Amino acid sequence: MTPTMRTIHWMNAICMVVAVATGLYIGHPYYQTFIADPAVDKYVMAWNRWGHFIAAIIFDVTAILIGYLYLFSKFEKPYKKILPTKRNFVEFCEVFFNLITFNRRKNFDSTYSDSYNIMFFTLFHIMLVFMLLTGLQMYVHGLASGHSSIGAWWPWLLHFSTDWTLSVFGGNMGVRIAHHTAMYLIIMWAFSHIYYQIWRTIFWGEGDINIVLGGYKFVNEEGKKEK
């Protein structure tokens with residue numbers, strides 16, 4: 001992983017924690033500050049909404065960067081691994097068999113990202129875009145006047161790009177439920193991702209977990225020669 005990709009990875013990890021913690025509070029306030037303090041001095045909900053919105057903005061920026069790198073990265077072009085080709089399908093199946101057989105079968109090259117892992121991350125980015133669209137719909141729902149501090153173009157743009165979610169999920173409450181449900185799916189994805197990276201590090205013995213820290217992992221040269 002290049003320094004840019006690693007930076008994006010850890011920014012997403014930090015923002016995910018912030019977004020989940022603040023989002024749960026916004027949906028159902030589960031803590032309060034010192035009760036003796038005047039309410040006007042607390043701004044607990046305001047700070048949580050601000051943190052949630054900042055995390056979402058960073059997610060927006062990283063989503064654009066990731067989309068660009070998917071297509072134009074000079075190091076690796078992930079989109080080539082998700083194309084519906086026979087080679088990608090076979091590799092996807094082999095990696096899956098490798099996982100469920102606990103590394104007893106390994107008929108693929110693990111030097112670079114494989115089709116299984118690329119599809120796994122693509123799923124995450126699709127869910128992330130979905131979270132952004134449903135979240136922005138809930139945000140613009142609060143701008144009932146059609147105006148914002150930066151002009152009327154901003155609410156118009158949000159309505160134009162996210163109002164379809166109201167039709168799909170049956171109104172504002174349906175969008176909220178969809179947004180909340182997607183959060184749990186992303187949490188499940190995160191735990192699966194961490195487990196799989198540790199699993200690969202243990203079973204493959206190539207130091208995969210170091211990829212997000214130092215950018216590199218070991219390559220089994222003997223295994224490559226045998227193939």
Side-chain angles (χ1 to χ4, degrees), residues 1-17 19-20 59 62-63 65-132 178-227:
M1 292 181 71
T2 63
T4 299
M5 295 167 66
R6 279 177 282 154
T7 301
I8 291 174
H9 175 277
W10 289 113
M11 286 178 64
N12 279 345
I14 295 171
C15 287
M16 187 185 300
V17 174
V20 169
F59 271 139
T62 58
L65 290 174
I66 290 168
Y68 175 83
L69 292 174
Y70 251 65
L71 300 174
F72 304 110
S73 173
K74 294 181 180 179
F75 173 71
E76 189 177 33
K77 292 181 172 59
Y79 80 91
K80 292 184 177 181
K81 287 288 188 178
I82 60 174
L83 295 176
T85 64
K86 180 180 178 180
R87 181 178 179 180
N88 286 339
F89 178 75
V90 171
E91 184 182 58
F92 180 93
C93 292
E94 287 296 341
V95 179
F96 177 73
F97 291 145
N98 175 259
L99 176 62
I100 64 175
T101 60
F102 296 98
N103 203 40
R104 291 184 177 87
R105 165 177 174 161
K106 190 178 182 186
N107 300 324
F108 61 94
D109 182 12
S110 60
T111 305
Y112 292 99
S113 295
D114 53 75
S115 297
Y116 182 89
N117 215 27
I118 293 296
M119 284 295 296
F120 192 63
F121 274 92
T122 301
L123 175 62
F124 167 72
H125 295 132
I126 291 173
M127 290 193 295
L128 182 59
V129 171
F130 176 80
M131 288 289 283
L132 292 171
H179 189 78
H180 199 73
T181 302
M183 176 199 68
Y184 286 107
L185 293 176
I186 289 178
I187 292 174
M188 290 169 58
W189 182 95
F191 278 108
S192 298
H193 166 60
I194 294 170
Y195 166 80
Y196 186 48
Q197 294 308 311
I198 296 174
W199 187 96
R200 286 167 31 141
T201 302
I202 294 173
F203 281 96
W204 293 1
E206 298 175 354
D208 283 71
I209 205 166
N210 186 61
I211 296 175
V212 294
L213 300 174
Y216 299 92
K217 72 170 188 174
F218 299 105
V219 175
N220 189 338
E221 294 291 349
E222 293 182 2
K224 292 186 71 175
K225 289 177 181 179
E226 290 175 1
K227 295 176 184 177

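Everything numeric in this text was worked out from a predicted model, so none of it was measured.
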Working for side-chain contact (heavy atoms from CB on, under 4.5 Å), residues Tyr195 and Arg200: CA-CA 9 Å; Tyr195 166 80; Arg200 286 167 31 141; over 6 Å; no
For the pair Val212 and Trp10, evaluate side-chain contact (heavy atoms from CB on, under 4.5 Å) and give the outcome as yes or no after the intermediate values. CA-CA 8 Å; Val212 294; Trp10 289 113; 3.7 Å; yes
Does the pair Ile118 and Asp114 meet the rule for a side-chain contact (heavy atoms from CB on, under 4.5 Å), with working shown? CA-CA 6 Å; Ile118 293 296; Asp114 53 75; over 6 Å; no
What do the steps show when you test Lys217 against Ser110 for side-chain contact (heavy atoms from CB on, under 4.5 Å), and what is the final call? CA-CA 10 Å; Lys217 72 170 188 174; Ser110 60; 4.0 Å; yes
For side chain to side chain donor-acceptor pair (under 3.5 Å), just list the numbers for Thr201 and Asp208, CA-CA rounded to whole Å, side-chain angles, deciding distance to a tenth of an Å, and then say yes or no. CA-CA 5 Å; Thr201 302; Asp208 283 71; 5.1 Å; no
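To the nearest 0.5 angstrom, Ser115 atom OG is 11.0 Å from Phe89 atom CZ. Note that the CD atom of Glu91 and the CG atom of Asn107 stand 11.5 Å from one another [nearest 0.5 Å]. Here the straight-line distance linking atom CG of Asn117 with atom OH of Tyr112 works out to 15.5 Å at 0.5 Å rounding. In this structure, NZ in Lys81 is found 8.0 Å from OG in Ser113, a value given to the nearest 0.5 Å. In this structure, OG on Ser192 lies 10.5 Å from CG on Leu185, to the nearest 0.5 angstrom. Separation of atoms CD (Glu94) and OG1 (Thr101) is listed at 9.0 Å; rounding is to 0.5 Å.
With Asn103 contributing its side chain and Asn98 its backbone, the two residues share no donor-acceptor pair below 3.5 Å. Checking side-chain atoms of Gln197 against main-chain N and O of Ile209 turns up no donor-acceptor pair under 3.5 Å.
A pairwise comparison of heavy atoms in Pro78 and Leu69 identifies CD-O, 3.7 Å as the closest pair. Met119 and Ile82 get closest at one heavy-atom pair: SD-CG2, 3.5 Å. Summarising the geometry of Met127 relative to Trp189, their closest heavy-atom pair is CE-CB, 3.9 Å, with the distance given to 0.1 Å. In this structure, Met131 and Ile186 approach most closely via the heavy-atom pair CG-CD1, 3.5 Å. The two residues Leu213 and Arg6 come nearest to each other via the heavy atoms O-NH1, 3.2 Å.
Ring pair Trp199/Tyr196 is parallel by interplanar angle, where below 30° counts as parallel and above 60° as perpendicular. The aromatic rings of Tyr116 and Phe96 sit tilted, their planes meeting at an angle between 30° and 60°.
With Phe97 as the fixed residue, the side chain to side chain contact (heavy atoms under 4.5 Å, CB included) test singles out one of Lys106, Arg105, Arg104: Arg105.
Looking only at atom types and distance, the side chain of Thr122 has a donor-acceptor partner in the side chain of Tyr70 under 3.5 Å away.
For Phe121 and His193, the ring centers are positioned less than 6.0 Å apart. If you look at Trp204 and Phe108, their ring centroids are closer than 6.0 Å.
Under a cut-off of 6.0 angstrom, the local environment of NZ in Lys77 is crowded, with over 12 non-hydrogen atoms contributed by other residues, nucleotides or ligands.
With a 4.5 Å cut-off on side-chain heavy atoms, Met16 and Phe59 count as touching.
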